[in-house]
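Before any comments, here is the structure.
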Amino acid sequence: MIKELVLKAVTGMGIEADYVEVEIPKMQSQGDVSTPVALGLAGVLRKPPRVIAQEIIAAIKEMPRGDIAAFDTIEIAGPGFINFRFNKDYLYEQLRLLYRERQLRLSVDVGRGKRVLIEFVSANPTGPLHVGHGRGAALGNALSNLLQTAGYAVEREFYINDAGRQVRLLGQSVFAAYNTLLENPCPYPEEGYRGELVERIAGELASTDGNRYIGVDFDNCAQHFIDYSYRKMLEEVKEALDSFGVHFDNWQSERLLFDGGMVKGGIDSLRDKGYVYDKDGAVWFKSSELGDDKDRVIIKQDGQYTYFASDLAYHVMKIGRGYDELINIWGADHHGYIPRVKAVLRAEGLQESRLTVLLVQMVSLLRDGKPVQMSKRAGEFITLKDVIGEIGSDTTKFIFMTRRSDSHLDFDLEAAKKQSSENPVFYVQYAYARINSLFKKHRTDMSSLFSDRIDSIDLSCLNAEEELQIIKKLVLYPMTFQGAVRSREPHRITFYLQELAAIFHPYYNKYRILTEDGPLTDARLLMCACISIVLEEGLRILGLSAPKLM
RNA sequence: GCGCCCAUGGCUCAAUUGGACAGAGUGUCGGACUACGGAUCCGAAGGUUGGGGGUUCGACUCCUCCUGGGCGCGCCA
């Protein structure tokens, strides 16, 4: 709203601008909202910023009364900032609107129905999920919720690597375990998988198939072992995600890309465009002409497809499905892969900006400051499931959501556990529960309390500095929301929630909400209801629970 | 060797994408209601943002060099 106001003023002065920065100052003395546009324009207009600011303010003050009624003061400060201060009546009105039309007030429709595909986790179905996957899951989930709320048509997709060497190795490992179990010792494949799960799956096969496959060459029963094993693993993965509260719309099978002819089709499509050639008995993708540092093999000399072949086809297929935007959430160890996938987009004639790859940095799992050794193949492993079991789903998610995704994360199990009773997530949830308990005490239902007389409640008694601070925080939620959407950074919501809780708790401590004074109680309850509304919304986006009791 | 990412109080992290005096939590020290939930609240100490140089009205943020750490660099997946 302020953005539009300033923008209108600026363009009214004959200056071209399509975007103005509006921010919430750190210091209260610097107004409620603020813009540095005049500073930015100083260079272009070759005039002192304060003079420009003055002109902008003058232009704003010329505007229709209705447009500027929200502000008490609009003034220049410092080197040329323009600071706005809300007037109370405006704030009260906004608070009332927040209660009355929550859906409308909580989000900003920036997506306008654009279709976005968010692909995340996509772990090989060869073993259980680890914490790193959990980080990707938490981020993907929150980002999906965030964009969906912002009016995007979001689809969440998990890409299943059910073709190729890794699942074969898994099948072979289970085969070895099966044989060993039935007293026909058999060496595990060199880089095979071990562990509880592998043995459990082997056990299941032993009991259903008996010794039918004893003495059989692996190559003659490979499909059976592979299929059974990876499906079991996939179930395990789904279960873990389920208990983590993360769900997908599509599960895209890599094998189906081969069987459905999409791999061949994808390659043909690029060949038609002149980006595929044969050399040394192999088939190559000319990615070096499209921003990658070298060309990539798609079909090896021995006729086998490389891993990249199916991934290439997968992305061609994604494009074909008609999304406006593709988002991939990858572990940072795949960063070297970005240029070649972007090259696929370019080859298909798309702007590479249609694909955003968000890298999730590595998670180092520690216990008491010491690294926990993890080896998937050896089966020594602390899984996501273990971590959730040890410190809880909400706390685990919160740890992921309180930092930006592209920085390394030290995840200390002991610290997390020790902290869990006083974890920041509870601080936020506690605020929510407290408000709920207020309404319970008051014997009223939060959603219906004011429904018939919402307009008759006098909010002007919400005069305390703390109350105004809370109301401003609530009213400015959409700014945080929009920033989070624009930057694709759900963690901003996390910090906002902590800040909101951090002004509510002291307030609650200092002032009494349920008083003898009826109108005052009504007003305070209305404000608390709004806090609760925003907390609930933020928690929902982050995929966290909003408990009414703790 | 080349490329990408990171470095912020003791510890774990933010900082509105170049904005005003760098903020939280945790830890440490000291305090608080016989009323709405003490998973709360109030106060204190703690910083040359890894180091040097540069760009400009203004730098944690951009450029450059250096130091230290992580990850990549297959006709593996």
Side-chain angles (χ1 to χ4, degrees), chain A residues 21-27 29-30 34-36 39-40 42-43 48-49 77-81 83 124 126 161 163-169 191 280-284 293-294 296-302 304-308 310-311 331-339 359 361-362 364 369 399 402-404 406-412 415-416 418-427 429-431 433-442 479-480 482-484 486-487 489 491-492 494-496 498-499 501-502 504-515 521 524 528 549-550:
Chain A
E21 216 177 315
V22 175
E23 45 191 50
I24 302 166
K26 285 175 221 155
M27 310 200 60
S29 63
Q30 294 165 352
S34 165
T35 175
L39 293 163
F81 290 95
N83 297 341
N124 276 341
T126 51
N161 294 113
R165 195 173 116 88
Q166 295 309 319
V167 282
R168 187 181 169 84
L169 267 172
E191 290 175 84
D280 303 334
V283 178
W284 297 70
D293 24 292
K294 48 181 139 178
R296 306 290 170 178
V297 172
I298 343 181
I299 304 177
K300 299 184 263 182
Q301 277 180 337
D302 63 7
Q304 295 273 341
Y305 287 103
T306 62
Y307 172 76
F308 177 57
S310 48
D311 223 23
D333 52 342
H334 287 78
H335 74 261
Y337 219 76
I338 297 174
L359 293 179
Q361 276 295 342
M362 306 283 98
S364 328
I399 288 172
T402 41
R403 48 211 88 204
R404 38 188 318 142
D406 65 349
S407 61
H408 300 260
L409 166 54
D410 283 339
F411 197 118
D412 192 310
K418 190 173 141 227
Q419 221 192 50
S420 70
S421 63
E422 46 203 77
N423 187 279
V425 72
F426 296 125
Y427 187 76
Q429 289 174 329
Y430 185 49
R434 257 186 163 171
I435 293 172
N436 187 259
S437 144
L438 280 173
F439 279 87
K440 214 160 119 194
K441 188 105 184 169
H442 194 65
M479 274 184 72
T480 301
Q482 225 173 337
R486 197 186 63 228
S487 59
E489 289 176 349
H491 78 268
R492 296 190 188 201
T494 319
F495 283 89
Y496 173 90
Q498 291 190 83
E499 287 158 13
F504 167 72
H505 285 304
Y507 171 74
Y508 176 91
N509 230 267
K510 185 169 167 187
Y511 295 89
R512 209 179 149 72
I513 316 274
L514 305 176
T515 66
T521 302
R524 288 186 171 166
C528 286
L549 291 172
M550 290 178 70

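The sequence lines fix the lettering, A, B, ..., with proteins before strands; numbering per chain opens at 1. Excluded from the calculations below are hydrogen atoms, water molecules and symmetry mates; all remaining heavy atoms, backbone and side chain alike, are included.
Across all strands shown, A/Asp302 has no heavy atoms under 4.0 Å from either base or sugar-phosphate atoms. Contact annotation for A/His505: backbone-only contact, meaning every heavy-atom pair under 4.0 Å involves sugar-phosphate atoms and none involves a base. Contact annotation for A/Arg512: base contact, defined as any heavy-atom pair under 4.0 Å involving a base atom. When heavy atoms are screened at a 4.0 angstrom cut-off, A/Asn83 is found touching base atoms of the nucleic acid. A/Gly40 comes within 4.0 angstrom of a base, heavy atoms only. Looking at heavy-atom distances under 4.0 Å, A/Ala332 makes contact with sugar-phosphate atoms alone, never a base. When heavy atoms are screened at a 4.0 angstrom cut-off, A/Lys26 is found touching base atoms of the nucleic acid.
Annotation: A/Tyr430 is not in aromatic contact with A/Phe426 [ring centroid separation under 6.0 Å not met].
For A/Tyr427 and B/C41, the shortest distance from a side-chain N or O to OP1 or OP2 is below 4.0 Å. Within the 4.0 Å cut-off from OP1 or OP2 of B/A15, at least one side-chain nitrogen or oxygen of A/His491 is found.
Taking the six-membered ring for Trp and thresholds of 30 and 60 degrees, A/Phe504 and A/Tyr507 have ring planes inclined between 30 and 60 degrees apart.
The neighbour count for A/Lys300 NZ, taken as heavy atoms of other residues, nucleotides or ligands under 6.0 Å away, is above 12.
Distance CZ (A/Phe439) to C1' (B/G37): 16 Å, rounded to an integer number of Å.
Here, B/C6 and B/G70 have their P atoms 16 Å apart, quoted to the whole Å.
Annotation: of the two residues near RNA chain B, A/Ala501 and A/Ser437, the 5′-most nearest-nucleotide partner is A/Ser437.
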